[in-house]
Each structure stands twice: as C-alpha cells, then as structure tokens.
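Indexing begins at 1, ligand by ligand and atom by atom, following the structure's order.
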Amino acid sequence: MTSQKMLSVELLLDMFRRMVLIRRFEDHLYQLFLQGLVPGTLHQYQGQEAVAVGVCSALRTDDVIFSTHRPVGHLIAKGSSVRGIAAEMWGKATGCAGGKGGQMHLTDVSVGAMPSNAIVGANIPIATGAALGFKLSGIDRIAVSFFGDGASNTGAFHEGINLAAVKDAPVVFVCENNQYAASTHISMVMRITDIAERAKSYGIPGLVVDGMDVIAVYQSTTEAVERARQGEGPTLLEYKTYRYSGHSRGDPGGYRSKEEAQEWRERDAILKCRELLITNYEQNEEDLERIERECQSEAEAAVEFARSSPDPVPEACFEHVYADREVNA
Ligand SMILES: Cc1ncc(C[n+]2csc(CCOP(=O)(O)OP(=O)(O)O)c2C)c(N)n1
Ligand SMILES: [Mg+2]
C-alpha cells in the first residue's frame, strides 16, 4: 500500500483539519486535566489521529463505527461535533449521549458512531452482529470495529472475526497497534509482531499498514470497504501507530524510553500531512496556520460550551432505556 496516488486537495485538507482538531482538543483536555478540571477519566488519542481520520474518510455517514475506551478521535473523525463530545465528558444534557455515557461511552448515532465500549475486545463481535444485521436485512451499510493490539488477544477477537469470515459479513476490523496494552508491550504477550498475520487463520485478507500515514490508511480502508460492500466479507487491517500520552489519566508512561517516543514523534502524521500539503498540493503556511487556529478555538469553545451547559434532568433516567415502538392497544 503506497501514498503515491494523489488525492484531491479538498479531501487532504479535510483530513488535515480533522487530525488537527483531534490533537488540539485532546491537548486542551490534558491541560484542563492537569488543573483538576476534567471530570471522570481520560484515555487520550494523540499520535493515532491518522488512523481514525483515514478510516472514517473512507466511510459514508450511514456506515457505523464501534469504538473503544479511547473514542474521542474516532467520533471527531466520523463527524460528531466537538461540543457534543465535550459536553458528554462533562456529563451534561447537551452531550452527544445526553450525558449518560461519559468519556468511555461516547455515542453519536446521528453520524453512525455507535456506543463506544470500554470492555477490551467486546466491540469486535458487536460490530460483526451489526454487519450481519445489515446483510440479512439487505441494507447497504458496513460496520467498522476499532480495537487495540491488546484486544487482539481476547477471546472476543477470535469469535467475532471467525463468525464474520464464515458469514461474509460487511465489516472491517481495524487494529490500532500502538505497541502497548496499558503498560504491557506486545512482545510480552505475543510471539508474532504483525497481528494481521492472524487473518490467515480466518481465511480473510490481512494487511499491515503505516498508521502514521493518513493517505495509506485512507487507501487501505477504501479497498477493505469496497470489498465488504460487494459482499466479499471482512478484512483485518493492522495500523502500526503510537500513543503519545500515557494509557489513561495520571499514567506518565515510564515504561517507554524517551528515544522510542521521540522516534515516533518524528514520524508524526499531522506534520507529515502538513508538509505534503505545502510541497505537493501548493498550500501555503498561512492557510494551514489559520486552520490550526480555528481548530484551537473550536476546541476551547467546546469545553466552554460543556462547562456552561445544564445537567440532565432526573426524569432523563427513564429515556433511551427501551426502543420507542408502536404498541397495539
Ligand atoms: C476485558 C477487559 N480487560 C481489561 C480491561 C482494562 N483495560 C482497559 S484498556 C486496557 C488496555 C487495552 O490495550 P489495547 O487493546 O492495546 O488498546 P489501547 O489502550 O492501546 O488503545 C486494559 C487492559 C478492560 N477494560 N477490559
Ligand atoms: Mg494498544
């Protein structure tokens, strides 16, 4: 998979903007966290932006994604508003899930972001189920499951992918291999280095792709999505990437060397995309700086909106518990 094919400048600029928005929002949250102002917990996505944005750029709005305990990037990439995400993290009525989900359960069905699931690996069979549902109902939509290297060692990974393979379910499995599950390096828990190799045992294609290259991510996902839409079944995509933050709030990440972190930062996807826009797409520095300033303001305004939003009313507890349906008298 290469980045050689030129994308339209509009698409690349859009991907750049969404990656910057994720980074600026996450960085802003971290500053607020250090001041003790963020309620609940925080699992941050800086470093992995190219995966969320490359994958979601290959999807339609009505395709669905199933995210994890690290969902902010996925939701922004799928088109959810930063205001709704921030308000959800602050538990407010204006949150994308009405304040009932919080950071680890971000949900925005209006853009196809189904409930994020903090149980590691659990969304893999759930995405398979959604995809099977689409197939059995003759609905032209696909499902994507995002999960980590750690999740690929759960039983749910095997059950979900095997079933999807056997049923040719229209689902794309996106493994974000950031090398660590909390403080555990992959070399301590698996004998292989490429998780995509496991695709062979399910009889589906598996691909290893540079997760720091948004174009390579977009192109590889586009092919997998095409395959799923044509009824040819699932693909396992492994994106090699790195999280710059600790695993969750309060984790300084002392189990990783400074040199390792520095090497990955030198391959930063946003910087790479920025350079490409200037050298190959005739964009100028000032325009890109303007986008960066706009994203910063959007991130800050979203948090202000969240903090000044009303709490949910107590009666809201009874909403969204059961699906609304016609009841015959
Ligand atoms: C079934 C289960 N086991 C353990 C945990 C605790 N836990 C939360 S995140 C995490 C690490 C997950 O690593 P990975 O799948 O690589 O995702 P990453 O955090 O790197 O994005 C663990 C062990 C959990 N939430 N669910
Ligand atoms: Mg991981």
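- Of the candidates Q179, E176, H69, it is H69 that places a heavy atom closest to atom 17 (O) of ligand 1.
- For the Mg ion (ligand 2), the set of nearby N, O or S atoms under 2.8 Å includes one belonging to N178.
- Residue contacts with ligand 1 leave out F147, since none of its heavy atoms falls under 4.0 Å from the ligand.
- Looking at Q219 and E223, their side chains never bring a donor and an acceptor atom within 3.5 Å of each other.
- Under the 3.5 Å distance criterion, with hydrogens and angles disregarded, a donor-acceptor pair is assigned to the side chains of S220 and Y239.
- Considering only non-hydrogen protein atoms, atom 24 (C) of ligand 1 sits nearest to V120 CG2, 3.5 Å.
- At the top of the distance list for atom 14 (P) of ligand 1, counting protein heavy atoms only, stands G150 N, 3.5 Å.
- Taking each heavy atom of D63 and K78 in turn, the nearest pair found is O-NZ, 2.8 Å.
- At the shortest separation from atom 21 (O) of ligand 1 among protein heavy atoms lies R70 NE, 2.9 Å.
- Put simply, V144 and V51 are part of the same group of oily side chains (I, L, V, M, F, W, Y) that touch within less than 4.5 Å, one to the next.
- Per-atom contact check: atom 6 (C) of ligand 1 does not touch the protein, criterion being a heavy-atom distance below 4.0 Å.
- When only non-hydrogen protein atoms are considered, atom 25 (N) of ligand 1 lies nearest to A118 O, 2.9 Å.
- Neither side chain, E292 nor Q296, offers a donor N or O lying under 3.5 Å from an acceptor on the other.
- Residue I204 comes nearest to A165 through the heavy atom pair CG2-CB, 3.5 Å, listed as atom of the first residue, atom of the second, then distance.
- Residue N178 approaches ligand 1 through these ligand atoms, each under 4.0 Å from one of its heavy atoms: 18 (P), 20 (O), 21 (O).
- Residue E176: no N/O/S atom is found under 2.8 Å from the Mg ion (ligand 2).
- On a distance-only criterion, A151 and ligand 1 share at least one N/O pair closer than 3.5 Å.
- Near H247, meaning under 4.0 Å from one of its heavy atoms, ligand 1 places the atoms 9 (S), 10 (C), 11 (C), 19 (O).
- Inclusion of A181 in the set of residues having an N or O under 3.5 Å from an N or O of ligand 1 is not warranted.
- A cation-pi arrangement is present between R256 and Y180 under the rule of less than 6.0 angstrom and at most 45 degrees off the ring axis.
- Restricting D149 to its N, O or S atoms, the one at the least distance from the Mg ion (ligand 2) is OD1.
- Within the 2.8 Å limit, Y180 places at least one N, O or S atom next to the Mg ion (ligand 2).
- Because its NZ or CZ atom is not both nearer than 6.0 Å to the ring centre of Y45 and within 45° of the ring axis, R243 does not count as a cation-pi partner of that residue.
- An N or O contact shorter than 3.5 Å is missing between R243 and ligand 1 by distance.
- Cation-pi contact between R249 and F33: absent, since separation from the ring centre below 6.0 Å together with deviation from the ring axis within 45° is not met.
- Partner of Y242 under the side-chain hydrogen bond (donor to acceptor under 3.5 Å, both in side chains) criterion, out of Q46, E263, E176, E260: E260 alone.
- Using modelled atom types, one finds no donor on one side chain facing an acceptor on the other under 3.5 Å when comparing Y255 with H185.
- Distances from atom 10 (C) of ligand 1 to the protein include at least one heavy-atom value under 4.0 Å.
- A side-chain donor from one of H247 and R70 sits under 3.5 Å from a side-chain acceptor of the other.
- Counting the atoms of ligand 1 from 1 in the order shown, those under 4.0 Å from a heavy atom of G148 are 14 (P), 15 (O), 16 (O), 17 (O).
- Atoms of ligand 1 found under 4.0 Å from any heavy atom of A182 (numbered from 1 in listed order, with element): 11 (C).
- The shortest N or O to N or O distance between Q48 and ligand 1 is not under 3.5 Å.
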